[in-house]
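Here is the structure we will look at.
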Amino acid sequence: MLAAYAVSQSPTDPLSGLVVGQRPDPAARPGWSVVKLRAAGLNHHDVWSLRGTGLPADRLPMVLGCDGAGVDEAGNEVIVHAVVPSDGWVGDETLDPARTLLSELYDGTLAEYVAVPSRNLVPKPAGLSFEHAACLSTAWLTAYRMLFVNAGLTPGATVLVQGAGGGVSTALTQLGSAAGYRVWTTSRDEGKRARALEIGADQAFSPGERLPERVDAVMETVGAATWSHSVNSLRPGGTIVISGATSGDAPAKAELTKIFFKQLRVVGSTMGTRSELERLANFVVHQGITPVIDSAFALADARRGFEKMVAGDVFGKVVFTI
Ligand SMILES: NC(=O)c1ccc[n+]([C@@H]2O[C@H](COP(=O)([O-])OP(=O)(O)OC[C@H]3O[C@@H](n4cnc5c(N)ncnc54)[C@H](OP(=O)(O)O)[C@@H]3O)[C@@H](O)[C@H]2O)c1
């Protein structure tokens, strides 16, 4: 089958280890299903894998990709849930210390076929295209859990989303505005700030800009570059939900004094559960949300999508059609 896969890793030249070519079809195994993919989404996770973060080198070659939607062996249209718990795990799979994401231990979704545990298949609502459904498994699920499980917000709250353009960030803006939150966002790029307003942000600011008032919660995926601004932007008792650190995880200042003095909550968040993915898909359809797609490429042209992400030249999701 055609697949985009990692053959080597480089922290400074991640695309040097990317190959788009032939890999063996996945083998059937008890309790697992093989999905014929129709669309797959790119995440920063795939770039981290090529940089050598999170994917041990001894597991290469590895088919990349966590997001996907397609058709299972019985003909059902499905969305693939990327969190694979260890055998026998019961409960919230994101809390299983031995969980993996597709493309970390088992081949991922940037391929014609993917094998996943059968319980990881979520029905694709009829009102959602394969391309839009393929946006949901990772960035959108992460945004859903950040906003609706971990932030402790109620409608009317003001939320700051750091870094307007990313897959998680655009999902946060679209989901937060649909849920009745006032969404403020920051971006390094004037064009992305303008587009954020079009998809539901109430105001958009330059990085580090002083806000008109302090916010109830900050959604962090940028990390070191925005950490101090996130802490300074919160009202006393406010919450930072952090799920990523694209610019690095060692901020110049940890802001410990402000965190305790203002009694802030710092909450880590990773992916979401299968049932949260199902609720997310239903929420997107019922609210008439169209996930923002930056660009769509045929899987054979996957390298072009990776290049855009590495360059930071994205607003929304990069999707591959299969
Ligand atoms: N924990 C989890 O389960 C989970 C799930 C999904 C993603 N993540 C992590 O979350 C992060 C975002 O993922 P993604 O797929 O949304 O990536 P992406 O689409 O590449 O998003 C990149 C975002 O980061 C911002 N950014 C990058 N470098 C920056 C810098 N130096 N200063 C300020 N902003 C910067 C960009 O903002 P502007 O260009 O608008 O300024 C953009 O919004 C990644 O680190 C990823 O690994 C974690």
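Atoms within each ligand, like the ligands themselves, are counted from 1 in listed order. Quantities reported herein were computed from a predicted structural model and do not represent experimental measurements.
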- Polar side chain donor-acceptor pair, Ser187 to Asp189, under 3.5 angstrom: no
- How far does OG1 of Thr173 sit from CD1 of Ile199, to the nearest 0.5 angstrom? 5.0 Å
- Query: Can you tell which part of Pro207 has a heavy atom less than 4.0 Å from ligand 1: side chain, backbone, both or neither?
  - Reply: neither
- Any side-chain donor-acceptor pair under 3.5 Å between Asn43 and Lys317? yes
- Message: If you measure every N or O of Gly316 against every N or O of ligand 1, does any of those distances drop under 3.5 Å?
- Response: no
- Pair Glu213 + Arg182, salt bridge at N-O below 4.0 Å: yes
- Message: Please list the nearest protein heavy atom to atom 14 (P) of ligand 1 with its residue and the distance rounded to 0.1 Å.
- Response: His44 CB, 3.9 Å
- Ring geometry between Trp184 and Phe205 (parallel below 30°, tilted from 30 to 60°, perpendicular above 60°): perpendicular
- Between Arg23 and Asp107, is there a side-chain N and carboxylate O pair less than 4.0 Å apart? no
- Numbered atoms and elements of ligand 1 in range of Gly244, under 4.0 angstrom, heavy atoms: 9 (C), 10 (O)
- Query: Is it the case that Ser33 and Asp72 place a side-chain donor and acceptor less than 3.5 Å from each other?
  - Reply: no
- At what distance is the nearest protein heavy atom to atom 3 (O) of ligand 1, and which residue and atom is it? Met271 N, 2.8 Å
- Message: I need the atoms of ligand 1 closer than 4.0 Å to a non-hydrogen atom of Ser169, numbered in the order shown.
- Response: 43 (O)
- Item | Any side-chain heavy-atom pair of Val168 and Met146 under 4.5 Å | yes
- Less than 3.5 Å between some nitrogen or oxygen of Ala164 and one of ligand 1, yes or no? yes
- Message: Side chain, backbone, both or neither: which applies to Thr246 and ligand 1 if a contact is any heavy-atom pair less than 4.0 Å apart?
- Response: both
- Message: Counting non-hydrogen protein atoms only, what is the nearest one to atom 30 (C) of ligand 1? Give residue, atom name and distance.
- Response: Arg188 NH1, 3.5 Å
- Message: How close do Gly65 and Asp46 get, counting heavy atoms only, and between which atoms?
- Response: N-OD1, 2.9 Å
- Item | Geometric class of the Phe283/Tyr144 ring pair [parallel <30°, tilted 30-60°, perpendicular >60°] | perpendicular
- Message: Quick check on contacts: which atoms of ligand 1 are under 4.0 angstrom from a heavy atom of Gly165?
- Response: 40 (O), 43 (O)
- Task: Would you indicate which of Val83, Thr142, Val168 comes nearest to atom 16 (O) of ligand 1 when only heavy atoms are counted?
- Result: Val168
- Heavy atom of the protein closest to atom 4 (C) of ligand 1 (residue, atom name, distance): Ser243 O, 3.5 Å
- Note on the structure: If we number the atoms of ligand 1 from 1 as shown, the ones under 4.0 Å from a heavy atom of Thr270 are 1 (N), 2 (C), 3 (O)
- Item | Nitrogen or oxygen atoms of His45 and ligand 1 under 3.5 Å apart | no
- Query: Which residue owns the protein heavy atom closest to atom 31 (N) of ligand 1, what's the atom, and how far is it?
  - Reply: Ser247 CB, 3.6 Å
- Query: Looking only at heavy atoms, what is the nearest atom pair of Val80 and Leu102, with distance?
  - Reply: CG1-CD1, 3.5 Å
- Tell me: protein heavy atom nearest atom 47 (O) of ligand 1, and distance? Trp48 NE1, 2.8 Å
- Query: Do you see a donor-acceptor pair shorter than 3.5 Å between the side chains of Glu220 and Thr226?
  - Reply: yes
- Message: Using a 4.0 Å cutoff against the non-hydrogen atoms of Ser269, which atoms of ligand 1 qualify?
- Response: 1 (N)
- Any chance the side chains of Thr273 and Glu93 put a donor and an acceptor closer than 3.5 Å? no
- Item | Side chain, backbone, both or neither: Lys192 near ligand 1, heavy atoms under 4.0 Å | side chain
- Which residue owns the protein heavy atom closest to atom 25 (C) of ligand 1, what's the atom, and how far is it? Val222 CG2, 3.8 Å
- Message: Polar contacts were defined as any N/O atom of the residue lying under 3.5 Å from an N/O atom of the ligand; does this apply to Met309 and ligand 1?
- Response: no
- Query: Is Ala225 close to ligand 1, meaning an N/O of one under 3.5 Å from an N/O of the other?
  - Reply: no
- Query: Would Arg145 and Ser243 count as a side-chain hydrogen bond (donor to acceptor under 3.5 Å, both in side chains) if you check the C-alpha gap in whole Å, the side-chain angles of each, and the deciding distance to 0.1 Å?
  - Reply: CA-CA 10 Å; Arg145 189 175 175 98; Ser243 73; over 6 Å; no
- Any N or O on Ser187 sitting closer than 3.5 Å to an N or O of ligand 1? yes
- Message: How far is atom 23 (C) of ligand 1 from the closest protein heavy atom, and which atom is that?
- Response: Gly166 CA, 4.0 Å
